A.B. asks: 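Take this structure, written in structure tokens, and hold onto it; I'll ask about it next.
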Number of protein chains: 2
Amino acid sequence: MSDRVVPPGARRRRRPTKQGVVLSEELIVRTALRLVSEHGADALTVRRLGVALGADPSSLYRYFRNADDLLLAVADELIGRGLRDWRPSGHWRADLRDLGLRLHESALAHPQATVLSACRVTGRAHEIRAVEAGLGLLRGAGFPDAEAVRIYHAFVDQALGFAALDAANAALPRSAHEAEERVWNTTYADLPEETHPNIAATVPLLAATMRASAYPTALNMLLAAAEARLSVHTRRG
Amino acid sequence: MSDRVVPPGARRRRRPTKQGVVLSEELIVRTALRLVSEHGADALTVRRLGVALGADPSSLYRYFRNADDLLLAVADELIGRGLRDWRPSGHWRADLRDLGLRLHESALAHPQATVLSACRVTGRAHEIRAVEAGLGLLRGAGFPDAEAVRIYHAFVDQALGFAALDAANAALPRSAHEAEERVWNTTYADLPEETHPNIAATVPLLAATMRASAYPTALNMLLAAAEARLSVHTRRG
DNA sequence: AAGCTTATGACAACACCATTGACCTGTGAA
DNA sequence: TTCACAGGTCAATGGTGTTGTCATAAGCTT
């Protein structure tokens with residue numbers, strides 16, 4: 001039943017639930033975000049969200065077409081939060097770095113939503129703002145259009161890719177994390193030096209490094225490579 | 001019941017199912033991969049896999065601890081296929097580039113499976129081989145251990161991140177792709193130069209570039225940055 | 001060849017999930 | 001004051017992963 005959903009503006013009657021809560025799209029999204037960040041990834045189900053709101057689960061279908069629709073609304077809210085107070089300083093490399101880290105960070109704050117939505121091109125306001133800003137930084141720095149576009153593409157997809165990867169990791173249940181820890185501390189740690197010399201030589205470093213996100217490293221390397229290319233262009237032009 | 005699973009080597013009695021199929025870890029993984037690539041990511045459920053195999057769903061728990069364990073096996077199989085005929089040539093940068101492109105490509109060959117598994121540390125044979133190979137290339141090139149590990153981490157997560165992103169994109173239904181095309185050709189193309197000068201100036205380039213994967217570009221930039229750092233170390237050492 | 005053990009497949013049940021058709025009730029405009 | 005209907009609720013459906021229990025045939029021993 002898709003016509004159960006009333007468009008946001010057209011809603012008029014604010015009838016409270018049995019438990020006295022007045023529902024709204026905004027309240028539902030906020031509660032969903034709270035649920036995820038307080039009780040982990042698995043907590044976001046229609047039923048639990050209903051309980052958290054003090055409403056019957058099926059009430060949510062008056063506001064969202066289905067669970068995926070709800071998740072997209074949550075994701076959209078996230079993009080907004082990530083961009084909220086980003087302001088360019090005038091140094092393209094630092095600004096691009098800041099932009100990437102912010103997007104990555106706000107995605108990671110709510111992994112469950114990011115996992116399901118990182119790959120979609122929305123064409124919505126926040127996304128457009130990010131594209132314009134990123135391109136502006138690169139063209140302003142002196143990159144020719146074609147190269148600015150290529151580098152921007154690599155930049156933004158790298159940010160999204162790492163966000164998806166790290167978010168998926170953060171969204172795993174505790175048991176999966178413990179299992180992963182065990183894999184590093186036993187499976188990899190026990191490999192003999194004869195057959196796996198490189199792993200054996202670096203296993204403590206490996207276990208420690210792999211725990212955190214590699215995004216800052218990868219981002220710095222991408223920006224370093226970009227700067228190196230830029231100097232070629234500016235010498236030429 | 002975790003002791004239902006018999007380790008791969010110790011399996012002796014090959015009793016056929018009611019429908020005459022002789023199960024094996026390998027057959028199950030292959031069937032799962034086929035199921036996913038033929039009918040999409042949602043088709044991979046224990047029950048459907050049972051039907052596809054001609055066995056009771058619960059039989060699978062003799063081979064895998066749970067559904068997640070099975071998924072990890074599928075992921076490792078993908079890594080194995082990507083690695084299958086990779087041979088190092090002795091030039092670390094070219095070899096690492098080749099390794100990255102192969103992993104990315106084999107992941108994209110089964111987008112739905114990649115979406116589900118790209119983010120996981122499997123600790124299985126193929127993954128271990130890839131880690132050993134990648135680390136070996138970097139250490140052999142002259143990077144100090146700590147830096148080799150850091151760069152390897154960035155390298156492999158970049159490959160996985162792009163794989164996840166591009167796979168998610170490839171897995172979208174045709175309608176979603178057409179919608180995306182429309183976003184570039186209308187939403188972005190119609191933005192006025194006054195408010196969005198950078199998008200307006202590059203829209204044809206944008207639309208063309210965004211269609212393909214940015215992974216080769218990003219990979220090249222990462223390797224260029226790595227090489228630049230290496231020259232610092234070798235000058236010092 | 002017969003018998004025994006036990007690995008392994010099958011069955012049935014459980015708890016949880018998203019979703020929806022039908023019903024009921026209070027809101028808010030007339 | 002009325003009363004249409006938006007919106008909350010109930011109950012049911014068919015899906016999911018998972019496990020306790022049982023049955024049986026594979027492959028060892030004799």
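Remember, it's a predicted structure, so these values are computed and weren't measured experimentally. To find a chain, count down the sequence lines: A is the first, B the second, and so on, and within it residues start at 1.
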A.B. asks: Could you check whether A/R211 pairs with A/E180 (Lys NZ or Arg NE/NH1/NH2 to Asp/Glu carboxylate O, under 4.0 Å)?
C.D. replies: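 No, this pair does not count.
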A.B. asks: To the nearest Å, how far apart are B/D68 CG and D/dT16 P?
C.D. replies: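 To the nearest whole Å, that distance equals 17 Å.
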A.B. asks: Roughly how far, to the nearest 0.5 Å, is the CG atom of A/L53 from the CZ atom of A/R48?
C.D. replies: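 A/R48 atom CZ to A/L53 atom CG measures 14.0 Å (nearest 0.5 Å).
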A.B. asks: Which whole-number value in Å describes the distance from B/R62 CZ to D/dC22 P?
C.D. replies: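 Checked: the CZ to P distance equals 14 Å.
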A.B. asks: Quick one: does B/L101's side chain get under 4.5 Å of B/R97's, heavy atoms only?
C.D. replies: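 B/L101 vs B/R97: side chains touch.
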A.B. asks: Indicate whether the side chain of B/Y215 and that of B/E105 have a donor and an acceptor atom separated by less than 3.5 Å.
C.D. replies: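 Note: B/Y215 and B/E105 side chains miss the donor-acceptor criterion.
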A.B. asks: Whole angstroms only, please: what is the CG-P distance between B/L60 and D/dG17?
C.D. replies: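 Those two atoms, CG and P, are 10 Å apart.
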A.B. asks: Could you tell me how far apart A/D56 (CG) and C/dT25 (P) are, to the nearest whole angstrom?
C.D. replies: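 Interatomic distance, CG of A/D56 to P of C/dT25: 15 Å.
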A.B. asks: By nearest heavy atom, map A/K18 and B/P57 onto DNA chain D; which one lands nearer the 5' end?
C.D. replies: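 Of the two residues, A/K18 wins.
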A.B. asks: When all nucleic acid strands are considered with a 4.0 Å heavy-atom cut-off, which category describes B/T45: base, sugar-phosphate, or nothing?
C.D. replies: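 The residue B/T45 makes sugar-phosphate contact but no base contact.
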A.B. asks: What about A/R47: does its side chain form a donor-acceptor pair under 3.5 Å with the base of C/dA18?
C.D. replies: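 Indeed there is one.
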A.B. asks: Of the listed nucleotides (D/dC22, C/dC11, D/dG17), which one gets closest to any side-chain atom of B/S58?
C.D. replies: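 In terms of side-chain proximity for B/S58, the closest of D/dC22, C/dC11, D/dG17 is C/dC11.
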A.B. asks: Look at the side chain of A/L23 and decide which nucleotide, out of D/dG8, C/dT19, D/dT9, has an atom nearest to it.
C.D. replies: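 Among the listed nucleotides, the one closest to the side chain of A/L23 is D/dG8.
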A.B. asks: Let's see if you can work this out: which of C/dA18, D/dG8, D/dT18 has an atom nearest to the side-chain heavy atoms of A/S59?
C.D. replies: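 Of all the options, the side chain of A/S59 is nearest to D/dG8.
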A.B. asks: Can you identify which nucleotide, out of D/dG7, D/dT18, C/dA10, has its nearest atom closest to the B/V46 side chain?
C.D. replies: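 When the side chain of B/V46 is considered, D/dT18 is the closest of D/dG7, D/dT18, C/dA10.
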A.B. asks: Can you check the B/Y61 OH to D/dG20 P distance for me, whole Å?
C.D. replies: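 Rounding to the nearest Å, OH of B/Y61 and P of D/dG20 are 12 Å apart.
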A.B. asks: Measuring from atom OG1 of A/T217 to atom CD1 of B/I151, what distance do you get when rounded to the nearest 0.5 angstrom?
C.D. replies: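 If we round to the nearest 0.5 Å, A/T217:OG1 and B/I151:CD1 are 9.0 Å apart.
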A.B. asks: Starting from P on D/dG17, measure out to CZ on B/F64 and report it in whole angstrom.
C.D. replies: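 Whole-Å distance recorded here is 14 Å.
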A.B. asks: If I take atom CG in residue B/L49 and atom P in nucleotide D/dT16, what distance separates them, rounded to the nearest angstrom?
C.D. replies: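 These atoms are roughly 12 Å apart.
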A.B. asks: In whole angstrom, what separates B/Y63's OH from C/dA10's P?
C.D. replies: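 From B/Y63 OH to C/dA10 P: 10 Å.
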